[in-house]
Amino acid sequence: MTSPAHPERERIARYEPTEIEPRWQARWDEHGMHRTDLDDPSRPKYYLLTMYPYPSGDLHIGHWYVNTPTDARARFLRMNGYNVFFPIGFDAFGLPAENAAIKKGIHPSEWTLKNIENMRRQLRSMGATFDWDAEVVTCTPEYYRWNQWIFLRLLEAGLAYRKMAAVDWCPKCVVVLAREQVEGVDRVCWRCSTPVVKRDLEQWFFRTTHYADELLDHSGLDWPEPVRVMQTNWIGRSEGAEVVFRTAAEPHHAGGEELRVFTTRPDTLYGATFMVLAPEHPLVPALTAPDRRAEVEAYVAATRRASEIDRLSTDREKSGVALGAHAINPVNGERIPIWIADYVLATYGTGAIMAVPAHDERDFAFAVRFGLPIRRVISGPGVADDAPLTEAWIAKSAEDRLVASGPYTGLPSPEGFRRIVADLAARGDGAASVTYRLRDWLVSRQRAWGTPIPVVYCEAQPSCGIVPVPDDQLPVRLPDDFRYRPEGGNPLETTESFLRTTCPGCGGAGRRETDTMDTFVDSSWYWWRYLTPHKTDGPIDTALESRWCSVDQYTGGAEHAVMHLLYSRFFCKALADLGVVREREPFRRLFNQGQILGADGERMSKSRGNVQDPDELVSRYGADTVRLFLMFMGPWDQGGPWSPTGIDGVHRFLRRVWTILLDPHGREAGDAGGPESEDPAAAGLALRRAAHRTLAAVSQDHEGFRWNTIVAKLMELTNLLMRHRGTPVAGTPAWDEATGLLLVMLAPLAPHIAEELWSRRLAEAGTPWRSIHTEPWPAADPALLVADEIDLPVQVNGKLRDVVRIAPGTPEAEVEAAALASAKIRANLEGMTVVKVIHVGGRLVNIVARPAG
RNA sequence: GCCGGAGUGGCGGAAUCGGCAGACGCGACGGUCUCAAACACCGUUGGCCGCAAGGUCGUGAGGGUUCGAUCCCCUCCUCCGGCACCA
């Protein structure tokens, strides 16, 4: 590297990020620069939240992709005068720790805490401004105690309750399986390949449906439209009616049982030609005729092996079985057969539908498959009332009207809807009703590595039943000594020290609940805990919550668009109603960054072996280069497969900045004659203009998280400075202004190199050190943003033919005259007649012309 | 399958109130420096035709609206995220 032939380049030290970066990180720590004074009233607050990571063991490049741009925003906002709170923590309960524990025979807590230790170190190497004093680790009793406290409050409020629900069960491992543990189309256990079965268990739920309508309301939230749409569809509000059918008497069944169906189209009630129950519907056994029993039971068993995604696939051929029973249509007394089919879900509506094949696609497919009657009861304008149907007729127009519907025949469809519902309601055979696709949140997990659900089953005689653990006995701690047994099962069920307790009600024998909570519970309120992570007399400091919430900006992956964000919104509303917090919405503004995939285009995971280790890149290029490269790769919301191609370009850019700042007068061997001939004053003005244009654009790009274009613009400015290096412009006040702005603009993105060069600049000027990260973000000078001439494209029939140079504000007529005067344009208009001239002010002129004659 | 998103040079991407497609970077090619190489710096770089001037095609495919479409509408293809026990 030291060639005597290059004396110029030896004047400055080489850019050595591995030397610079740890030095500044230590200095920032010493100065406590990133500890937020939550009580500072002098500056406006800004709560910047990034989704906390799962401590999987090693940081991969995806963590950098998620966190370093957010850190750039934190730094940018501080320079803009905000008191920024930017905390970090660990989402520390979950399945991988249990898997590791089973594999290595260690306690999941040991595995988790070790991972956290390593990840803290790696996170620090980003040079991110996390406030580590606020750190939260959800697997600590200090944290999960308050999960339990919140659970108890929800229980008291009737927002937590128990009911039966089906789980996927591996009979061989004797465990409940997560969805990702059920593999393949034949749905077998990931460990032992045993076919998975459904098992019904009594489980705990949170009543998210209580807030369904409020959750549909996203007003006042600055969230990406796709997320709002996905949540709206997920909640899936449907307005319709419940209609009460009754079962008919059969040799095997007395009849008269109520069968409630939910329908969004009560106006098609006369078209119901059969009824379909979910195979899990409680009346199925009673309704099944003896000669159908074998077939029905086989079908129910088969359904319980299928996933919901398969069941709802419209791609698949419809399947089902008739029960050999009938229902009576309340409007016309008609007997229609009752079937079961897996496309009807027990968890939606009433678990039963009236099938109107003429006007529902799924029912149509089912009727065709099984030869069931299809009866048109809605027709449109210009269509015969009995026109045959080749597909379901779904609300073709506002003028649709009822046909073959008894007294309702001829009514417009909406009117028929209202009248039929009103008449059913008057007779007690139905009522208008709203159903949601959203289900209550099943929070029970049959796992050992999670928050114990704080209830006790009293085993005294007489029994107190299910007794909540009193607040003063919280936390219910996980045992330190549980063992995963080779024969499987939830270890909590066999850990006597945990299991055996006394009933808080009567003091008699009691058994602890062994279900733990879904880890989404942890992540549904962690941002409040960041404000006071060690508070012991409650989960949340209300005064700080009032002051700091809602979160001003939340950033995280789009994979959380629905569940995590919806659960968090549910928690916020429930806790607001309980008086624990004041705000009803947790996150005012949301941004979804994309995901970095492995080089193979698949999600990065250890098992796939496609994980990119950032440490390696950091030691080779430095954190600043890695940060900048991730921001430069493309739009932040896009993500994409990992490829290091191009990281050298970003590194070269930083080296050029280094060279420009430390050696402004140097020349490189390959430099051309250079712009010495240029007028230095004019060049200086051009430089200032470029710097201020860059500043204006960069400031704007920050608001939209457009890191890639910020970096590109800084590169352009740098290229311009490079051209003036070694010319009389270098070292002038214009040069100093431009290089100063460059450093300030670079500071949020590449904080170490900016700080280093800034400190040298201050030292050279004899000014005492002040961190560049406390510099105020400058405002662009509007006078320098206006160009003194514009190159205006001129088109003929939409094709670019010439460019004319005009002064801004030139009157339209003059611009058009100039365009028409151009020799190239005249040549293109040869033999043509100008039809019209379209002039988009300051943007372009388009001359529309036709062949003459 | 359903819901949501994305397809632009050899590669990552830029430009969307409908107005110069390809900014910036990688790679490649040529040059300066060097005994040489590396580094650094300067220049060229969408395809096709042309010595050039210039022309022409071109933003996943096909159609439409418009003076003008990467951008709006319709149909289709591919990939990514989610689908309720991964986080």
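Predicted model, so just to flag it, every value in this text is computed and none were measured. Here is the naming used below: chain letters follow the sequence lines, and residue numbers restart at 1 for every chain.
For A:Phe520, whose side chain is taken as the heavy atoms from C-beta onward, the closest listed nucleotide among B:rA87, B:rA23, B:rG19 is B:rA87. Side-chain proximity of A:Glu559 to B:rG82, B:rA23, B:rA14: nearest is B:rG82. Looking at the side chain of A:Ser313, the nearest of the listed nucleotides B:rC41, B:rG1, B:rA14 is B:rG1. Of the listed nucleotides (B:rA87, B:rA23, B:rC67), B:rC67 has the atom at the smallest distance from the side chain of A:Lys836. The side chain of A:Arg801 approaches B:rU56 more closely than any other nucleotide in the set B:rC86, B:rC41, B:rU56. Listed candidates were B:rG68, B:rA84, B:rC20. Nearest to the side chain of A:Leu800 is B:rC20. Nearest to the side-chain atoms of A:Arg656 among the listed nucleotides B:rG4, B:rG1, B:rC41 stands B:rC41. Listed candidates were B:rA23, B:rC85, B:rC20. Nearest to the side chain of A:Glu716 is B:rA23. When the nucleotides B:rC86, B:rG5, B:rC41 are ranked by their closest atom to the side chain of A:Pro226, B:rG5 comes out on top. Relative to the side chain of A:Arg843, the nucleotides B:rA84, B:rC17, B:rC86 differ in distance, and B:rC17 lies closest.
At the heavy-atom level, A:Val229 lies under 4.0 Å from the strands shown only through sugar-phosphate atoms. Base engagement by A:Gln446 is indicated by at least one non-hydrogen atom pair under 4.0 Å involving a base atom. Within the 4.0 angstrom heavy-atom criterion, base atoms lie near A:Phe632. Among the atoms of the strands shown, only primed sugar atoms or phosphate atoms (P, OP1, OP2) are found under 4.0 Å from some heavy atom of A:Asn719. Backbone-only engagement by A:Met633 is indicated by non-hydrogen atom pairs under 4.0 Å involving sugar-phosphate atoms exclusively. No contact: A:Pro53 has no heavy atom under 4.0 Å from any strand. Among the atoms of the strands shown, none is found under 4.0 Å from any heavy atom of A:Glu361. Residue A:Asn846 is in base contact, counting any heavy-atom pair closer than 4.0 Å across all strands shown. At a threshold of 4.0 angstrom between heavy atoms, the contacts of A:Gln181 with the nucleic acid are absent. Here A:Ser444 lies in heavy-atom contact (under 4.0 Å) with a base. Residue contacts for A:Lys799: at a heavy-atom cut-off of 4.0 Å it reaches the sugar-phosphate backbone alone, with no base atom in range. Within the nucleic acid shown, A:Arg447 comes within 4.0 Å of at least one base atom, counting heavy atoms only. No engagement by A:Val711 is indicated, since no non-hydrogen atom pair under 4.0 Å with the nucleic acid exists. Using a 4.0 Å heavy-atom cutoff across all strands shown, A:Ile647 reaches no nucleic acid atom at all.
A:Arg179 has a side-chain polar atom (N or O) that falls below the 4.0 Å cut-off from OP1 or OP2 of B:rA84. Phosphate contact (OP1/OP2 of B:rG27, side-chain N/O of A:Arg652, threshold under 4.0 Å): present. Phosphate proximity of B:rG1 to A:Arg316: absent, as no side-chain N or O sits under 4.0 Å from OP1 or OP2. OP1 or OP2 of B:rA87 has at least one side-chain nitrogen or oxygen of A:Thr519 nearer than 4.0 Å. For the pair A:Gln638 and B:rG5, the criterion of a side-chain N or O lying under 4.0 Å from OP1 or OP2 is not met.
Spacing between atom CG of A:Asn797 and atom P of B:rG55 amounts to 14 Å, rounded to whole angstrom units. Taking atom CG on A:Leu746 and atom P on B:rC24, their separation rounds to 18 Å, with Å as the unit. The nearest whole Å value for the distance from the CD1 atom in A:Ile596 to the P atom in B:rG81 is 13 Å. Distance CG (A:Leu749) to P (B:rC24): 18 Å, rounded to an integer number of Å.
Under the 3.5 Å distance criterion, with hydrogens and angles disregarded, a donor-acceptor pair is assigned to the side chains of A:Arg191 and A:Asn99. A:Asn610 and A:Glu602 share no donor-acceptor pair across their side chains, judged by distance under 3.5 Å alone.
Of the inter-residue distances, the one linking A:Tyr554 atom OH with A:Met51 atom CE reads 4.5 Å to the nearest 0.5 angstrom.
Using a 90° window around 0 for the glycosidic torsion, B:rG9 falls inside it and is classed as syn.
A salt bridge links A:Arg311 with A:Glu280: the closest approach of a Lys/Arg side-chain nitrogen to an acidic carboxylate oxygen falls below 4.0 angstrom. One finds no salt bridge joining A:Asp168 and A:Arg179 here, because no Lys/Arg side-chain nitrogen approaches an Asp/Glu carboxylate oxygen to under 4.0 Å. Between A:Asp342 and A:Arg304 there is no salt bridge, since no side-chain nitrogen of the basic residue lies less than 4.0 Å from a carboxylate oxygen of the acidic one. A salt bridge links A:Arg228 to A:Glu225: one of the charged nitrogens lies within less than 4.0 Å of a carboxylate oxygen.
Between A:His560 and A:Asp315, it is A:Asp315 whose nearest contact on RNA chain B lies nearer the 5' terminus. Remark on RNA chain B: of its neighbouring residues A:Val650 and A:Trp234, the 5'-side contact belongs to A:Val650, judged by nearest-heavy-atom nucleotide.
Evaluation of atom-type donor-acceptor distances gives no pair under 3.5 Å for the side chain of A:Asn233 against the base of B:rC3. If you check distances only, the side chain of A:Gln203 does reach the base of B:rC85 with a donor-acceptor pair under 3.5 Å. Taking 3.5 Å as the limit, the base of B:rC86 and the side chain of A:Arg603 contain a donor-acceptor pair of atoms between them.
A side chain to side chain contact (heavy atoms under 4.5 Å, CB included) with A:Val137 is found for one member of A:Tyr144, A:Phe90, A:Phe93 and no other, namely A:Phe90.
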